[in-house]
Amino acid sequence: MQRSAKSAPFATEFVKSAFALADCPQWKRAEVALAGRSNVGKSSLLNALAGAKGLARTSKTPGRTRCLNFFAVGETHAICDLPGFGYAKMSHTDAAKIAHMLVEYVQGRNNLDAVAILVDCRRGPDEEMLSLARMATERGIEVIAVATKCDKLRQSERAAARKRFESMGVAPIFCSVTSGEGIEELRRRILAVDSVETSKRAALP
Ligand code: GDP
């Protein structure tokens, strides 16, 4: 039977919130973290990946916006929705706590296989996102660059947008939840991370 080029929406289920590394779930799932500045379109993208409206509302529930939110995806994958950077109403103390938790997670989470870094395609990555990408790369964690809200770009503006991502060292997947562009490609990228890493991990004690 010929495989469909379309990937089905992820069967996604909220598992738990964690405030520290020790609270993160213990599992053999391949884990892909979603990172991005507040308002970049992270919740919309998570909902689009799962084909479920309101799924990411879980991550926006008061009390859960400042922690790591874990979702099981099918039988073998997991998504960790990281707290949004740079939320305008956040105090310096809270921002520092979140920054600390993110560094702890990216540098210390053994289960982490890939980080999808979401950046508004009209802006390009800032120093915080580049530093996150460097941190992941140093640990051998795959970086997936996602250029969000690409429906806001004209075709003629794509090349310049692509250039803005060069500093991340990986070509971005242009995504839009409005037009649907890139959603399936991102699903496939996440699934590909899983299949490579799962076989590696199976060899570990
Ligand atoms: P978050 O803070 O990163 O979770 O961002 P949200 O998912 O809440 O989105 C922030 C705003 O951007 C909302 O008004 C969304 O409707 C809008 N948005 C999100 N994704 C897209 C997109 O692909 N295209 C357009 N045009 N707007 C988007």
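For ligands, and for the atoms within them, numbers begin at 1 and follow the listed sequence. Side-chain atoms are counted along with the backbone in the values below, which use heavy atoms only and exclude waters and symmetry mates.
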Taking salt bridge (charged side-chain N to carboxylate O under 4.0 Å, His left out) as the cut-off, I'd like each qualifying pair that reaches into residues 100-111, sequence neighbours left out, listed once.
Glu31-Arg109
Salt-bridge test for Glu75 and Arg29: reply yes if a basic N is under 4.0 Å from a carboxylate O, no otherwise.
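Here Glu75 does not pair with Arg29 in a salt bridge, since their nearest N and O are not under 4.0 Å apart.
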With a 4.0 angstrom cut-off on heavy atoms, strictly below it, pick out the residues next to ligand 1 and order them by chain and number.
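Residues near ligand 1: Arg37, Ser38, Asn39, Val40, Gly41, Lys42, Ser43, Ser44, Lys60, Lys149, Asp151, Lys152, Ser176, Val177, Thr178.
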His77 and Phe10 aromatic ring geometry - parallel, tilted or perpendicular at 30°/60° bounds:
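Answer is parallel, since the angle falls under 30°.
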Please enumerate all residues that pass side chain to side chain donor-acceptor pair (under 3.5 Å) together with Gln155, with sequence neighbours excluded.
none
Please identify each residue that fulfils side chain to side chain contact (heavy atoms under 4.5 Å, CB included) with Arg123, with sequence neighbours left out.
Asp120
Would you verify whether the NZ or CZ of Arg66 falls within 45 degrees of the ring axis of Phe19 while also being under 6.0 Å from that six-membered ring's centre?
no
